[in-house]
Trainee: 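This is the structure I have questions about; it appears just below.
Both ligands and their constituent atoms are indexed starting at 1 by order of listing.
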Amino acid sequence: MTPAVRTTCPYCGVGCGIRVEFDGERPRIAGDEAHPANHGRLCSKGAALADTLTLPGRLLRPKVLGREVAWDAALEHVAGGFRRIIDAHGPDAVAFYVSGQLLTEDYYVANKLMKGYIGAANIDTNSRLCMSSAVVAHKRAFGEDVVPVGYEDLLAADLIVLVGSNLAWCHPVLYQRIAAEKERRPALKVVVVDPRRTPTCELADLHLPVAAGTDVWLFNGLLHALHLGGAADAAFLARHTAGAEQALRAAEESSADPGTVAARCGLELDALRRFYAWFAATERVVTAFSQGVNQSSSGVDKANAVINCHLYTGRIGRPGCGPLSITGQPNAMGGREVGGMATLLAAHRELANEAHRREVRAFWDSPRIADRPGLMAVELFEAVRAGRVRALWIAGTNPVVSLPDADRVRAALERCELVVVSDCVEDTDTNAYAHVLLPAAAWAEKDGTVTNTERCVSRQRRFLAPPGEARPDWWMFCEVAKRMGFERGFEYASPREIFLEHARLAAAGAGSGRLLDLGGLAQLSEGQYQALEPVRWPIGAAQPSAAAQPFADGRFGHPDGRARLVATPPRPPAHAPDAEFPWVLNTGRLRDQWHTMTRSARAARLNRHLPVPFVDLAAEDAARLGAAPGDLVTAVTRWGRLDAPLRISGELAPGTVFVPIHWSDAFAAQARVGALVSPAADPSSGEPEFKHTPVRIERMPVDWYGFAVSRTPVRTDAFAWWARVPGEAQQRHEFAGRGRPDWPRLARALLGAPPDADWLEYRDVSAGVYRAAHLSGDRLEACLFVAPRPRLPASGWLEGLFARAELSADERQGLLNAAPFRAAVDEGPVICACFGVGRRRIEAAIGAEGCATVRQIGARLKAGTQCGSCVPELRAILAGRAGSPAAV
Ligand code: SF4
């Protein structure tokens with residue numbers, strides 16, 4: 001076994017540390033016990049990372065117009081194209097759209113190139129879709145984009161309020177740490193504010209199923225109740241804040257009467273009063289918020305309404321209290337530090353501040369500096385569509401899937417003169433529109449730093465060589481910059497040199513009142529950079545090891561040193577439901593997938609939890625529609641449509657709909673939820689309203705449903721709908737269609753079986769049932785099952801057969817029954833990804849074997865005993881609350 005490489009998980013903003021050891025060729029991944037974010041824990045996604053390090057599907061060589069070329073030719077093409085368009089149309093005619101997956105060093109050079117050398121601020125990022133509302137709210141309240149709370153504060157709180165945050169699935173290790181603390185200290189109270197009863201609610205003492213879009217009423221009401229209840233910290237307000245009167249007045253105007261607030265928010269009055277009383281009576285309160293707050297046309301006001309309550313009570317700058325914005329992506333925070341957004345400059349300087357612009361330009365010694373904000377994500381793609389932006393470099397993100405009004409994004413890229421995409425995956429929905437494809441090094445092949453939710457800078461360390469001709473993103477941006485004539489600003493030999501420059505720029509603000517200070521890291525030798533331990537900023541040259549608690553001295557980043565309470569008169573969401581689109585669409589992440597699945601779907605075990613896209617409805621609404629779980633439905637909005645099977649999770653209130661964000665054209669037909677989402681955005685942050693789009697749900701007319709499991713891809717052109725579920729040695733396609741096919745003929749064509757194939761078949765014409773299996777000798781090649789309704793046998797046993805070189809006689813006999821000849825053992829949907837424990841086995845352990853607690857299930861089946869991500873679902877199954885499986 002080789003010595004461990006310590007690096008960081010590339011998924012969510014918790015920023016867990018991991019240890020990689022090699023057992024021969026194969027890397028083994030475990031949680032890093034020494035990392036302060038996770039102390040050795042990993043969730044199901046982190047624990048499955050080794051399974052994602054596969055080569056098939058990787059983009060390995062540069063391509064121009066579909067042809068492989070040498071790096072030099074590709075870089076010349078990009079630099080020449082950008083230069084030509086800038087010369088003809090000015091610097092605002094080009095743009096970069098980057099990603100919170102990039103490392104700080106990548107972000108730094110991309111931002112420097114765009115703002116200091118090209119001279120425009122058209123660099124935006126998919127972090128715009130995730131936490132830009134929190135950035136603006138922090139700047140309004142604190143005068144600087146500072147997250148004032150760390151994980152230790154969260155765990156030291158006596159009341160944790162989780163707002164718009166399904167922590168159990170989106171930030172699982174943080175959830176597990178809270179769960180462990182609550183078990184140790186049962187007096188710790190947890191309140192969940194969320195329209196859905198998500199798995200996070202399994203931990204909640206109180207769940208407030210607030211009506212979508214009404215958070216500002218709720219927190220204005222809290223501010224007003226704190227005022228009436230005498231909870232103000234008068235001394236703190238007088239010495240360290242401004243704006244309390246205006247904020248209170250706005251709160252009183254919208255939310256003076258708890259009864260009115262409860263009615264507006266769709267809450268029970270008693271529950272509302274209990275929340276207000278708990279908050280008022282608890283000194284140590286952390287209010288953690290994420291996309292449920294940020295992704296709104298009033299996301300900034302929602303965040304400020306939360307922050308107001310902490311400022312009003314002086315619950316900030318002290319251990320165990322404060323507002324905590326939880327970031328979605330692994331390095332959204334690093335991107336913010338280097339200013340890698342269209343509305344920021346660098347190292348917390350302001351684009352609108354002339355002195356800051358002069359300072360940064362002098363530091364960079366750059367020929368120019370952008371002097372006004374660039375285009376934010378949604379406007380950027382609109383400008384591409386309108387022809388105002390003619391060259392676009394997309395790095396490490398998939399906007400054709402992830403942006404709102406995504407069909408319009410596709411149309412924009414179709415028209416764009418020059419689309420460059422740097423990515424590690426060859427076929428994505430976005431890459432289809434690229435003129436130039438640049439092969440990027442993936443997570444395991446890159447060196448640099450990331451910053452997590454709690455301002456902790458960690459090293460990401462390379463432990464694999466990049467395959468083919470893949471290169472790190474920072475190298476590509478520097479090489480293009482040099483070929484554009486900017487040699488002098490981009491002569492970096494390593495990511496360390498970039499990091500030191502970034503740290504020096506951040507340190508240059510020390511003494512100005514800004515908290516972002518990396519002075520203690522500005523002189524790292526190569527050895528020190530390699531060995532850098534996780535460290536939270538501020539980390540000044542004078543105190544290089546310990547981060548002070550932000551705002552502990554009551555000084556904030558506004559010129560007068562005072563924080564601002566911000567008046568937040570509530571606004572309804574941009575688009576209200578109406579007769580044509582009567583319900584409200586909410587979108588979000590699932591436990592075991594990440595973004596557009598280009599990495600997570602490579603791990604077969606992560607595809608077994610919720611394997612296909614779905615439309616989740618309340619049982620009452622499904623009944624009104626006359627649809628049952630597994631039936632195909634169509635979601636229609638003013639912007640687009642999506643087809644998927646119905647799910648009834650039991651998490652939703654009537655009139656609301658939930659669809660996951662992950663599926664793209666690569667994994668399913670017509671299942672990009674971005675195509676449905678309204679492009680309305682918060683006017684200050686530009687963050688789109690992913691949580692509130694009026695929608696209509698219809699039954700999708702189909703005549704048959706089916707699935708095929710095969711070693712090679714099946715043809716999908718005969719299907720009205722399909723979804724692909726990658727496995728280890730096989731893939732499963734779920735599908736549905738119309739008409740009355742000649743199944744014996746069609747099945748052979750779909751599965752690619754030769755005429756002389758060993759073919760087993762069962763057909764019941766009057767019942768509309770058809771089943772077939774294709775073998776080569778005793779090896780199973782493919783099988784296909786069709787029925788008129790989505791009531792098909794479970795495919796788990798069949799999928800397991802693809803790992804076998806030959807089948808036994810019993811197995812052959814059981815093929816068309818989807819179960820072995822002598823026993824039925826299918827597990828159903830997988831709940832525990834680590835040990836592959838399915839729901840039926842868990843239900844059997846509860847029913848027949850008498851397991852009554854999560855611990856007993858763990859002792860019996862091991863489920864929930866490794867990463868712990870499935871524990872909320874185990875609790876829900878024990879309580880009889882688990883919803884229907886999504887799979888047809
Ligand atoms: Fe990775 Fe899971 Fe940790 Fe997030 S919580 S950083 S996905 S291991």
Side-chain angles (χ1 to χ4, degrees), residues 6-20 27-53 99-101 103 127 130-131 150-151 154-155 162 165-181 198-200 203 288 290-291 324-334 442-444 449-461 534 588-603 605-606 609 660-662 832-834 864 866-873:
R6 293 173 63 210
T7 182
T8 45
C9 173
Y11 288 121
C12 83
V14 178
C16 295
I18 63 179
R19 291 169 61 87
V20 186
R28 286 169 38 154
I29 284 179
D32 181 354
E33 301 204 338
H35 198 288
N38 57 319
H39 298 293
R41 289 184 164 88
L42 289 179
C43 74
S44 49
K45 290 187 289 290
L49 270 166
D51 300 354
T52 67
L53 304 172
S99 165
Q101 314 277 300
L103 305 186
S127 298
C130 171
M131 52 68 210
Y151 300 158
L154 186 67
L155 300 174
L162 299 170
S165 175
N166 182 9
L167 212 65
W169 280 16
C170 302
H171 302 92
V173 165
L174 214 44
Y175 174 87
Q176 289 165 27
R177 292 186 66 185
I178 296 173
E181 182 63 19
T198 65
T200 302
L203 195 64
S290 49
Q291 277 88 334
L324 171 61
S325 151
I326 302 179
T327 50
Q329 295 200 73
N331 197 34
M333 291 286 279
W443 158 73
T449 53
V450 291
T451 307
N452 73 1
T453 286
E454 60 162 356
R455 312 185 320 277
C456 183
V457 178
S458 296
R459 284 279 282 111
Q460 186 170 300
R461 295 183 176 91
R589 289 176 177 162
L590 301 181
R591 191 191 79 185
D592 285 359
Q593 293 296 349
W594 178 254
H595 284 193
T596 61
M597 296 165 60
T598 51
R599 176 168 43 219
S600 53
R602 287 168 177 257
R605 60 171 138 154
L606 297 181
H609 177 232
I661 62 169
H662 306 291
C832 172
C834 296
Q866 184 158 299
C867 81
S869 298
C870 64
V871 167
E873 283 152 293

Trainee: How long is the straight-line distance from CG of Leu167 back to CG of Leu162, given to the nearest 0.5 Å?
Mentor: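 CG of Leu167 is found 5.5 Å from CG of Leu162.
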Trainee: Nearest 0.5 angstrom please: Leu49 CG to Trp443 CH2, how far?
Mentor: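 Rounded to the nearest 0.5 Å, the CG-CH2 separation comes to 4.0 Å.
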Trainee: Protein N/O/S atoms under 2.8 Å of atom 2 (Fe) of ligand 1?
Mentor: Cys43 SG
Trainee: Run the numbers for me: atoms of ligand 1, each under 4.0 Å from some heavy atom of Gly15, listed by number.
Mentor: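 It comes down to these atoms of ligand 1: 6 (S).
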Trainee: Taking the side chain as everything from C-beta on, heavy atoms only, tell me whether Pro10 gets closer than 4.5 Å to Arg599.
Mentor: yes
Trainee: How long is the straight-line distance from CZ of Arg41 back to CG of Leu174, given to the nearest 0.5 Å?
Mentor: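 Interatomic distance, Leu174 CG to Arg41 CZ, rounded to 0.5 Å: 10.5 Å.
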Trainee: Of His662, His171, His595, which is the lone residue that meets side chain to side chain donor-acceptor pair (under 3.5 Å) with Arg589?
Mentor: His595
Trainee: Which residues pass the salt bridge (Lys or Arg N to Asp or Glu O under 4.0 Å) test with Arg6, sequence neighbours left out?
Mentor: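 With neighbours one apart ignored, the set is Asp32, Glu533.
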